[in-house]
Number of protein chains: 2
Amino acid sequence: MNDVAAAAGVALKTVSRVVNDEPGVNATTAGRVRAAIERLGYRRNDSARILRRGRTASIGLVIEDVADAFYSSLSQAVEDAALRHGYLLFSGSSREDSARERDLVLAFCSRRVDGLIIVPAGSDHAYLTPESEAGLKVVFADRPPGAGFEADTVLCDNVGGARAGTAHLIAHGHRRIAFLGGSPGIFTAAQRLRGYRQALAAAGLPYDEGLVAMGPPDPARTRADLTRLLAAFDPPTALLAGNGRTTVDTLRALASLSGTADAGLALVGFDDFTLADLLGITVVAQDPVRLGRTAADLLLMRLSGDERPVNRIELGTRLIPRGSGERPPLPRLGRTAG
Amino acid sequence: MNDVAAAAGVALKTVSRVVNDEPGVNATTAGRVRAAIERLGYRRNDSARILRRGRTASIGLVIEDVADAFYSSLSQAVEDAALRHGYLLFSGSSREDSARERDLVLAFCSRRVDGLIIVPAGSDHAYLTPESEAGLKVVFADRPPGAGFEADTVLCDNVGGARAGTAHLIAHGHRRIAFLGGSPGIFTAAQRLRGYRQALAAAGLPYDEGLVAMGPPDPARTRADLTRLLAAFDPPTALLAGNGRTTVDTLRALASLSGTADAGLALVGFDDFTLADLLGITVVAQDPVRLGRTAADLLLMRLSGDERPVNRIELGTRLIPRGSGERPPLPRLGRTAG
DNA sequence: CTGAAAGCGCTAACAC
DNA sequence: GTGTTAGCGCTTTCAG
């Protein structure tokens with residue numbers, strides 16, 4: 001900036017004014033400055049600017065995994081909102097590791113991001129208290145913060161969605177419905193299990209632990225779970241898959257077990273996915289774009305001075321019937337009592 | 001840092017030493033400092049650090065669209081490599097808009113990222129010359145930089161992949177093969193068209209412009225293209241879809257046209273996608289993770305001082321037969337000449 | 001082992 | 001309209 005000033009024969013401050021489009025600079029002078037900038041290939045150093053102004057115009061996004069369709073859609077929505085408002089985006093994936101979440105968050109804090117959108121992997125966010133007190137704005141998305149930390153939160157209606165999916169299967173005559181969900185320690189998985197149980201209870205059906213299999217998405221495990229379930233004395237006639245990856249793993253497992261007694265199993269997946277329409281898979285759809293946009297809007301409101309009490313927003317889900325969830329129970333020959 | 005120093009009864013510099021794990025600090029003193037840091041909730045301000053050191057330990061990633069599976073996989077790979085080496089990642093999507101690409105890149109440059117990985121939307125990168133001369137390291141991924149700008153580049157073998165896909169269809173007896181590709185202005189789309197033509201030429205088949213439809217992925221357009229192709233006097237018996245989204249759009253279109261004469265059309269897609277296995281879709285698979293990792297490794301090498309001449313790496317593709325590409329041509333009743 | 005002073009490149013506040 | 005000065009919070013350099 002000094003060099004530019006020298007080259008244009010003006011003071012440092014004038015260059016600053018031109019660079020920042022501040023009013024009160026003679027058009028001719030400004031032209032001379034701009035020419036010098038062009039000639040020298042000068043680019044403002046935002047690090048210095050940030051240091052001086054105390055505002056970075058950047059926000060941090062911590063999700064579980066960018067390569068997952070749900071989170072990449074969410075990212076896209078957050079990115080759009082951020083860029084539209086002049087914020088740059090730092091992003092990182094926790095990979096469901098709370099230490100990595102914490103490291104990312106603290107690294108972003110050290111960079112003095114103005115705000116943070118977090119899909120938490122961990123359940124303790126006390127480490128954010130000093131930042132929050134120092135004025136950092138934080139919004140939690142998809143999962144709430146750990147107990148003891150208050151912040152705006154945007155969630156999907158996991159309980160309602162799972163309840164609706166299960167009720168749908170019950171309405172189609174199913175009485176033995178298995179639930180294949182994510183790790184019970186993950187908020188969304190636990191909530192979906194609750195919804196599943198609520199629907200069973202509402203229909204007067206018993207809750208059978210033998211019909212529940214939970215854990216991190218893993219094709220081999222899903223296949224094993226399914227094999228076990230179908231080999232039982234009283235196997236399920238329907239499945240509720242608790243998340244997108246498990247739904248896909250379940251489809252693969254069913255395809256590979258095909259020809260055996262599994263065919264005709266009804267299936268409802270939680271979270272929509274590409275080509276579910278072509279495959280005829282009934283799902284409880286979430287709206288990751290809306291989730292991301294809502295979280296971003298909330299954060300941007302806070303960043304522009306909104307001081308209202310903490311929000312907790314729950315977005316609805318939508319059941320999309322496509323065939324797999326509307327199949328009636330298949331009578332299982334040679335296995336009925338007697 | 002001043003406050004911490006005061007609270008711990010030491011000088012500023014000692015706090016700095018502790019914060020940065022520099023050697024030469026008495027363990028007791030260090031303990032006192034750390035206690036003060038904890039008590040005050042102090043977090044180093046990286047903006048100041050960056051300003052002083054002239055190195056931001058961050059890299060910028062500009063892709064086409066995070067919500068696209070290909071680019072989100074690439075992102076994940078880049079992110080992993082970056083974090084592993086202590087770099088934070090700025091990311092943004094150009095949405096195939098060269099102005100947005102430029103704005104993002106320049107914003108990252110203003111933040112003084114140490115390096116940049118770009119999937120270019122535009123074809124003029126002269127605007128990067130000053131940065132490059134100032135020491136910024138740039139790697140291009142998936143598509144090369146515009147003429148006149150030299151930089152490391154990592155590509156997929158688009159020509160070879162499309163040639164292999166087309167040759168595969170020819171080997172299965174097809175003579176009239178349509179190509180549904182992306183906008184001809186996009187490097188990858190143009191290269192894949194070349195590969196398609198090479199394969200036809202190698203087999204002595206004519207190139208028929210009526211069998212080629214190119215443009216930005218759009219379900220409605222794909223459907224219209226397909227309808228037109230199939231209604232022609234001498235319709236194709238096979239399709240080569242030029243990218244992931246078009247492959248999916250093609251599948252939907254074929255499904256909705258189903259029952260009519262389209263069934264039995266052979267199909268090879270370029271770029272693999274989730275569930276292509278279950279749907280039995282033969283594809284020419286790229287490896288976005290490897291692409292991202294290679295680009296990141298290249299950049300990290302440069303950042304650690306590698307000054308060797310510019311690299312241009314081309315990653316191979318892999319044809320995965322799954323059924324759709326192995327169907328023989330279907331004789332078309334009532335349409336043959338005579 | 002610890003500390004004091006200078007300065008990274010910019011902007012805010014105030015002259016002229 | 002333009003210029004001068006101070007200082008953002010840190011690291012570097014050099015002294016104790």
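As the structure is a computational prediction, the values presented were derived from the model and not from experiment. Letters A, B, ... are given to chains in the order of the sequence lines, protein chains preceding strands, and every chain is numbered from 1.
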K.L.:
Among side-chain atoms of A:Ser47 and B:Ser47, is any donor-acceptor pair under 3.5 angstrom?
P.N.:
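A:Ser47 vs B:Ser47: no donor-acceptor pair found between side chains.
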K.L.:
Between the side chains of B:Arg111 and A:Asn45, does any donor sit under 3.5 Å from an acceptor?
P.N.:
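Checked: B:Arg111/A:Asn45 side chains show no N/O donor-acceptor pair below 3.5 Å.
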K.L.:
Could you point out which residue of A:Arg100, A:Arg95, A:Arg245 forms a salt bridge (Lys or Arg N to Asp or Glu O under 4.0 Å) with A:Glu64?
P.N.:
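Going through the options one by one, the only one that passes is A:Arg245.
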K.L.:
Along DNA chain C, 5' to 3', what are the outermost nucleotides having an atom less than 4.0 Å from a heavy atom of chain B?
P.N.:
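From 5' to 3', the first and last contacting nucleotides are C:dC1 to C:dG9.
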K.L.:
Could A:Glu101 and A:Arg143 be called an ion pair, given the rule that one side-chain N must be under 4.0 Å from one carboxylate O?
P.N.:
no
K.L.:
To the nearest 0.5 Å, tell me how far B:Leu155 CG sits from B:Leu291 CG.
P.N.:
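Between B:Leu155 CG and B:Leu291 CG, I get 8.0 Å after rounding to 0.5 Å.
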K.L.:
Using the salt bridge (Lys or Arg N to Asp or Glu O under 4.0 Å) rule, collect all pairs that involve residues 24-39 of chain B, keeping only residues at least two apart or in two chains.
P.N.:
none
K.L.:
Using a heavy-atom distance cut-off of less than 4.0 Å, which residues of residues 26-36 of chain A contact DNA chain C?
P.N.:
none
K.L.:
Rounded to the nearest 0.5 Å, what separation is found between the CG atom of A:Leu88 and the CG atom of B:Leu104?
P.N.:
7.0 Å
K.L.:
If a protein heavy atom is under 4.0 Å from the base, mark B; if only from the sugar-phosphate, S; if neither, -; do that for nucleotides 8-16 of chain D going 5' to 3'.
P.N.:
BBBBB----
K.L.:
Between B:Ile118 and B:Val105, is the side chain to side chain contact (heavy atoms under 4.5 Å, CB included) condition met? List the steps.
P.N.:
CA-CA 8 Å; B:Ile118 307 178; B:Val105 166; 3.8 Å; yes
K.L.:
Would you say A:Thr14 reaches D:dT2's phosphate, i.e. side-chain N/O to OP1/OP2 under 4.0 Å?
P.N.:
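Checking A:Thr14 against D:dT2: no side-chain N or O falls below 4.0 Å of OP1 or OP2.
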K.L.:
Side-chain atoms of residues 128-140 of chain B: list all donor-acceptor pairs with protein atoms under 3.5 Å, sequence neighbours left out, distances to 0.1 Å.
P.N.:
| from | atom 1 | to | atom 2 | distance (Å) |
| --- | --- | --- | --- | --- |
| B:Thr129 | OG1 | B:Ala126 | O | 2.9 |
| B:Glu131 | OE2 | A:Arg43 | NE | 2.3 |
| B:Glu131 | OE2 | A:Arg43 | NH2 | 2.4 |

K.L.:
Looking at residues at least two apart in the chain, or sitting in another chain, which of them share a side-chain hydrogen bond (donor to acceptor under 3.5 Å, both in side chains) with B:Arg112?
P.N.:
none
